[in-house]
Q: 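Quick one: the structure is below, questions incoming.
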Amino acid sequence: MEQIFTLGVVNNKEMLTLLETQIRYLLPPKSKISTEHSDIRVTSENDLPQALIDNIQGLIDETKKSYRKVNLMQSKASTEHSIFTQDPMPVLLESNQLVQMMPGIYTYSGALLELMQKLDEFFRQYALREGASERLYPNILPVNSMIENGYVSGFPHHALFVSMAHQDSDTLKSLSALKDIESLNDLVSTNGIMLAPTVCHHCFEELKGAKLEDNMIITSTGKCHRFEGPSAEDLSRTHIFNMREIVLFGKSSWVHKNRLKIKSDCEALFERWQLDYQVETATDPFFPAGSQNKRNFQAMNQTKFEVKLYLPFKQQSISAVSINNHMETLTESYGIKGGKNLISSCVGFGLERLSFSILSQYGFDRGNWPDTLKRRSCSRVMLKGGKTTLPQSFHG
């Protein structure tokens with residue numbers, strides 16, 4: 001059965017993509033969704049209930065309002081360099097470099113893992129040369145903080161909460177005899193912990209209530225956890241992914257200057273590596289309720305840039321680097337002080353998406369890769385005399 005939702009005259013591709021992603025969360029299993037011109041088409045085994053149709057229409061109406069005044073800057077994407085057009089996923093899966101534990105969750109090995117590790121080390125060294133101090137953080141965060149800082153209200157569809165068994169003898173006996181997951185919900189409850197959706201929130205937890213005497217840079221690699229529903233189909237969108245982050249704390253002018261420097265360095269890097277990319281001002285995929293002002297604010301103040309890399313086999317681009325200006329939002333939420341105009345910013349490098357984009361553009365034969373890219377991602381070239389040769393900056 002097909003249900004068509006007409007949006008009217010819409011030329012906002014980002015809005016259509018967001019709607020398609022969010023509507024997937026509401027649909028019954030095995031439903032399919034696609035966009036055509038200004039229509040969203042939903043195909044399902046049975047007619048959609050009227051209540052669900054009303055919910056989807058309400059979602060569309062709210063999202064249209066929140067995008068009404070948003071004008072995003074976008075650079076023109078070049079697709080002149082890419083020499084590969086195949087989907088890398090079949091090769092990665094057949095060679096066991098990727099093993100799917102369940103949809104959207106994988107183990108990594110072989111050349112793919114090596115590529116991810118080399119990229120992480122590259123960005124780690126860059127951050128350290130920029131004056132960052134390194135951290136190792138856990139994979140969990142307190143739910144209370146994530147409610148207070150606005151994450152849960154903005155991204156309820158992504159939140160993954162940690163559960164524990166009710167601590168009574170009857171529950172523990174039932175749990176020890178559990179044969180399937182059907183009755184599990186009656187035996188567990190949330191315990192105030194959620195899986196970390198980003199790395200940077202740990203920095204704020206660490207500095208909660210602190211007074212900073214000077215500008216500060218922190219870097220860390222961590223696992224990010226976000227429920228992506230049925231959109232988790234390949235490495236461009238997964239429930240668990242690895243990210244290297246650089247987090248800036250300091251005076252507004254200093255943070256702004258360094259944020260733009262990192263953005264410029266990223267562009268120079270991808271030019272040197274001959275990757276097809278584009279840079280856009282962007283808005284976060286807030287859940288629509290109350291999101292209109294947030295999207296408008298982000299767009300008008302250019303608080304979010306995304307560096308998107310091209311996937312030739314999909315003829316689409318995915319965000320691989322996110323460059324965010326939190327302004328005072330999170331420093332105030334966590335009570336972090338440091339004189340006038342203290343703000344924060346973070347830059348996240350998605351290691352799966354970067355690796356997947358490189359393989360999508362150049363394939364698995366590193367002989368076909370640009371020399372500048374091979375030198376930074378292939379150990380047989382990078383290792384000289386037992387030591388890893390690393391650049392002084394992205395330009396090096």
Side-chain angles (χ1 to χ4, degrees), residues 21-33 44-46 48-52 54-56 58-59 98-108 136-202 204-206 208 220-235 237-243 285-290 333-334 352:
T21 300
Q22 293 191 339
I23 290 172
R24 286 179 189 270
Y25 288 92
L26 307 178
L27 296 177
K30 299 182 180 180
S31 300
K32 295 183 179 180
I33 183 171
S44 58
E45 291 182 339
N46 302 302
L48 298 181
Q50 187 59 47
L52 177 56
D54 293 342
N55 283 339
I56 293 174
L59 187 69
L98 271 184
V99 176
Q100 180 175 279
M101 299 174 63
M102 57 186 297
I105 300 178
Y106 302 94
T107 62
Y108 307 94
L136 177 63
Y137 289 121
N139 290 340
I140 58 175
L141 287 164
V143 174
N144 280 342
S145 292
M146 300 303 283
I147 293 174
E148 292 168 3
N149 68 28
Y151 182 86
V152 174
S153 66
F155 307 95
H157 51 309
H158 284 323
L160 289 168
F161 299 99
V162 178
S163 299
M164 63 179 290
H166 297 301
Q167 298 300 295
D168 60 75
S169 59
D170 289 341
T171 296
L172 296 178
K173 286 180 181 178
S174 298
L175 194 59
S176 67
L178 197 68
K179 302 299 183 183
D180 55 54
I181 65 172
E182 296 301 322
S183 57
L184 184 61
N185 288 339
D186 297 329
L187 304 176
V188 299
S189 63
T190 59
N191 59 2
I193 296 173
M194 67 180 290
L195 295 174
T198 68
V199 177
C200 68
H201 282 103
H202 292 99
F204 295 95
E205 289 292 334
E206 175 188 348
K208 193 171 186 176
S220 181
T221 292
K223 293 190 181 299
C224 302
H225 309 79
R226 302 177 193 175
F227 179 65
E228 295 288 355
S231 297
E233 297 175 342
D234 56 34
L235 286 188
R237 196 172 293 276
T238 59
H239 300 309
I240 303 174
F241 57 94
N242 295 273
M243 183 178 289
F286 298 113
F287 203 75
S333 175
Y334 283 88
E352 281 91 342

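We use all heavy atoms of the structure for the numbers below, so side chains are in, but hydrogens, waters and symmetry mates are not. Please read these numbers as outputs of a predicted model, since none were measured by experiment.
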Q: Is the backbone N or O of Met146 less than 3.5 Å from a side-chain atom of Glu148, with the two atoms forming a donor-acceptor pair by type?
A: no

Q: Distance from Ile33 atom CD1 to Ile56 atom CD1, nearest 0.5 Å?
A: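 It comes to 7.0 Å.
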
Q: Arg237: what forms a side chain to side chain contact (heavy atoms under 4.5 Å, CB included) with it, not counting sequence neighbours?
A: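 In terms of side chain to side chain contact (heavy atoms under 4.5 Å, CB included), with neighbours along the sequence ignored, Arg237 is linked to Glu228, Ser231, Arg353.
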
Q: Report yes if the side chains of Leu52 and Pro28 come closer than 4.5 Å at any heavy-atom pair, otherwise no.
A: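 Yes, close enough: below the 4.5 Å cut-off.
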
Q: Could you grab the distance from atom CE of Met243 to atom CD of Glu352, nearest 0.5 Å is fine?
A: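 Rounded to the nearest 0.5 Å, the CE-CD separation comes out at 9.0 Å.
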
Q: Is a side-chain N or O of His225 found less than 3.5 angstrom from the main chain of Ile240, in a donor-acceptor match?
A: no

Q: Any chance you could measure His201, atom NE2, to Tyr334, atom OH, to the nearest 0.5 Å?
A: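 So the gap between those two atoms works out to 5.0 Å.
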
Q: Taking C-beta and beyond as the side chain, do Val162 and Leu195 meet within less than 4.5 Å on heavy atoms?
A: yes

Q: To the nearest 0.5 angstrom, please state how far the OG1 atom of Thr171 sits from the CG atom of Leu187.
A: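 Nearest 0.5 Å value for the OG1-CG distance: 6.0 Å.
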
Q: With under 30° as parallel and over 60° as perpendicular, where do the rings of Tyr108 and Tyr106 fit, or are they tilted in between?
A: tilted

Q: Which pair of heavy atoms, one from Ser44 and one from Leu48, lies closest together, and at what distance?
A: OG-CD2, 3.6 Å

Q: Any donor and acceptor pair, going by atom type alone, linking the side chain of Arg226 with main-chain N or O of Pro197 inside 3.5 Å?
A: yes

Q: Minimum heavy-atom separation for Lys208 to Ser145, with atom names?
A: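 Distance-wise, the nearest heavy atoms are NZ-OG, 3.5 Å.
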
Q: Quick one: CD on Glu205 to CG on Leu141, what's the gap to the nearest 0.5 Å?
A: 6.0 Å

Q: How long is the gap from NE2 on His239 to CE on Met101, to the nearest 0.5 Å?
A: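 With rounding to 0.5 Å, NE2 (His239) is 12.0 Å from CE (Met101).
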
Q: Decide if the gap between the ring center of His157 and the ring center of Phe227 is smaller than 6.0 angstrom.
A: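 No, they do not, as the ring centres are separated by 6.0 Å or more.
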
Q: Can you name the closest pair of heavy atoms from Met194 and Val152 and give their distance?
A: SD-CG2, 4.5 Å

Q: State, to 0.1 Å, how close Leu172 and Gln167 come at their nearest heavy-atom pair, and which atoms those are.
A: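 For Leu172 versus Gln167, the nearest heavy atoms are CD2-NE2, 4.5 Å.
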
Q: What pair of heavy atoms forms the shortest contact from Thr238 to Ala232, and how long is it?
A: CA-CB, 4.3 Å

Q: Hey, are the side chains of Ser153 and Ile147 touching, using non-hydrogen atoms and a 4.5 Å cut-off?
A: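 They are not in side-chain contact.
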
Q: Specify whether His202 and Tyr137 have parallel, tilted or perpendicular ring planes, treating 30° as the upper limit for parallel and 60° as the lower limit for perpendicular.
A: parallel

